[in-house]
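See structure below.
Computation of the quantities below employed the complete heavy-atom set of this structure, encompassing side-chain atoms and omitting hydrogens, waters and symmetry-equivalent molecules.
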Amino acid sequence: MKNRKLRMGMVGGGSDAFIGAIHRRAAFMDNQIELVCGCFSVDPEISKSSGLSYFLPEDRIYSTYQEMFEHEMTLPEDERMDFVTIVTPNRWHFEPAMMALERGFHVVVDKPMTFSLEEAKLLQKKVEETGLVLALTHVYSAYPAVKEAKARIANGELGKLRRVYVEYTQGWLAERIELQGGNNAGWRTDPKRSGKAGCVGDIGTHAWHLSEYITGLKVQELCADLKAFVPGRPIDDDGAAFLRYENDVTGVLTATQIGTGEANNIRIRVYGEKGGLEWHQMEPNTLTLKWGNRPAEILNIGNNGYLSEKALWNTRTPAGHPEGFIEAFANIYRNFSLTVRAIKNGETPSGDCLDFPTVHDGVRGMQFIETMVEAGYNDNVKWQKWID
């Protein structure tokens with residue numbers, strides 16, 4: 001591969017969408033990627049106006065993603081896109097992702113990966129068949145402090161793990177704002193577009209993934225309760241679960257979007273025989289280690305004296321400068337782009353480069369949603385085995 005930037009296409013992410021701008025800013029942060037084409041909306045006029053505002057030529061702004069993939073395939077290899085980023089409501093993740101893989105394009109897709117577990121398994125099979133790379137943007141796993149927490153647990157500093165508490169609390173859906181329009185609540189509270197789960201699929205998957213990523217353990221069984229608190233809402237806006245992980249570790253997960261007054265309050269605590277740790281997303285540069293026989297330790301991201309190599313690899317600024325949401329997104333894009341570049345050059349990507357959520361996380365995410373829904377509305381079965 002020539003010494004050049006990777007060429008990115010987008011499905012979704014028009015000027016009327018929130019998350020598309022986050023993806024673009026993150027993708028461009030390390031100067032590894034450039035946007036060359038896209039179908040930015042189901043509305044051709046919005047797609048065109050968005051593409052022009054991103055300074056794309058008109059012949060690389062498409063009305064449908066099908067048109068985009070077909071036309072990009074006709075371009076010379078040194079012009080067509082290398083990968084596509086998919087930032088659409090959940091129902092429209094699978095088809096463009098599958099079409100991209102079938103035509104040899106790598107994929108970045110928002111979570112949850114698909115609309116259903118069946119679709120997720122089909123994507124996994126296609127990724128394994130093609131050897132292409134699919135990255136899933138479980139962004140909270142990419143914060144440097146989270147990398148440090150994972151490294152400390154893997155090194156055995158907490159001893160044998162016992163208990164996990166993870167929560168994601170929002171309040172923006174405390175009222176039925178989806179009826180007002182002009183916001184992102186509409187598709188998130190519509191099971192025809194979001195899938196079986198509302199809150200659990202939107203933010204509960206983040207909490208679950210964060211717990212598995214940090215501990216290195218998989219959930220095997222859960223007991224859940226789901227509820228729509230806001231009258232008339234057809235899908236859950238609150239959920240909680242008791243979790244049973246591998247190695248006899250237990251946990252509690254809560255996710256709510258009706259926590260009035262809360263913004264994005266993500267918190268995880270992990271306890272072992274020797275100690276515990278705690279991280280808050282709203283104080284992203286701080287990791288607290290707790291001990292039974294000595295004072296707690298406050299680790300500050302950016303300090304080269306005591307952080308793991310994994311945390312340092314994903315740290316961008318000196319100590320005292322916050323490593324935030326967009327930087328965490330950028331870590332996923334940077335590691336993904338370096339992995340794709342290595343593959344194109346016939347090289348083996350390093351372990352640091354491969355440290356991003358993949359199609360396998362996507363399948364487990366859909367299994368989590370299916371299991372939560374199965375258990376969450378069933379008062380007759382206390383514990384639900386993990387759905388395969």
Under the ring pair (Phe, Tyr, Trp, His ring centres under 6.0 Å) rule, collect the residues that match up with Tyr65, sequence neighbours excluded. none

Which atom pairs, one a donor and one an acceptor, fall under 3.5 Å between side chains of residues 290-299 and the rest of the protein, sequence neighbours left out?
from	atom 1	to	atom 2	distance (Å)
Lys290	NZ	Glu278	OE1	2.5
Trp291	NE1	Glu297	OE2	2.8

Report all side-chain donor-acceptor pairs from residues 369-377 shorter than 3.5 Å, counting only partners two or more places apart or in another chain.
from	atom 1	to	atom 2	distance (Å)
Glu370	OE1	Lys196	NZ	2.9
Thr371	OG1	Gln367	O	2.6
Thr371	OG1	Ile387	N	3.0

Connected hydrophobic set around Val381, excluding itself, where side chains approach under 4.5 Å: none

Show the atom names and distances, to 0.1 Å, of all donor-acceptor pairs under 3.5 Å that link a side chain in residues 96-116 to residues at least two apart or in another chain.
from	atom 1	to	atom 2	distance (Å)
Arg103	NE	Glu70	OE2	2.9
Arg103	NH1	Met99	O	3.3
Arg103	NH2	Glu70	OE2	2.7
His106	ND1	Val133	N	3.0
Asp110	OD1	His23	NE2	3.3
Asp110	OD1	Thr137	OG1	2.6
Asp110	OD2	His23	NE2	3.4
Lys111	NZ	Asp202	O	2.9
Thr114	OG1	Ser116	O	2.7
Thr114	OG1	Ala120	N	3.4
Ser116	OG	Glu119	N	3.2

Check whether any side-chain N or O of Arg80 sits under 3.5 Å from a backbone N or O of Leu75 as a donor-acceptor pair, and report yes or no. yes

Ignoring hydrogens and geometry beyond distance, is a side-chain donor-acceptor pair present between Arg188 and Ser194 at under 3.5 Å? no

Any residue meeting salt bridge (Lys or Arg N to Asp or Glu O under 4.0 Å) with Asp225, in chain and number order, not counting sequence neighbours: none

Looking only at atom types and distance, does a side-chain atom of Arg25 sit under 3.5 Å from a main-chain N or O of Ile326, one as donor and one as acceptor? no

Could you pull out all residues at least two apart from Asp78 that satisfy side chain to side chain contact (heavy atoms under 4.5 Å, CB included)? Lys2, Pro76

May I ask you to list the residues sharing a hydrophobic cluster with Phe229, side-chain cutoff 4.5 Å, ordered by chain and number? Val230, Ile258

Test: ring-ring contact (aromatic ring centres under 6.0 Å, His included). Region: residues 349-369. Which pairs qualify, not counting sequence neighbours? Trp208-Phe368

Pair listing, salt bridge (charged side-chain N to carboxylate O under 4.0 Å, His left out) test, anchored in residues 40-49, at least two apart: Lys48-Glu58

Counting C-beta onward and ignoring hydrogens, is there a side-chain heavy-atom pair between Arg163 and Val252 closer than 4.5 Å? yes

Taking Asp30 first and then Arg316, would you say they form a salt bridge - that is, a charged N and a carboxylate O separated by under 4.0 Å? yes

Remaining members of the apolar cluster that contains Leu338, side-chain heavy atoms under 4.5 Å: Trp313

Asp379: what forms a side-chain hydrogen bond (donor to acceptor under 3.5 Å, both in side chains) with it, not counting sequence neighbours? none

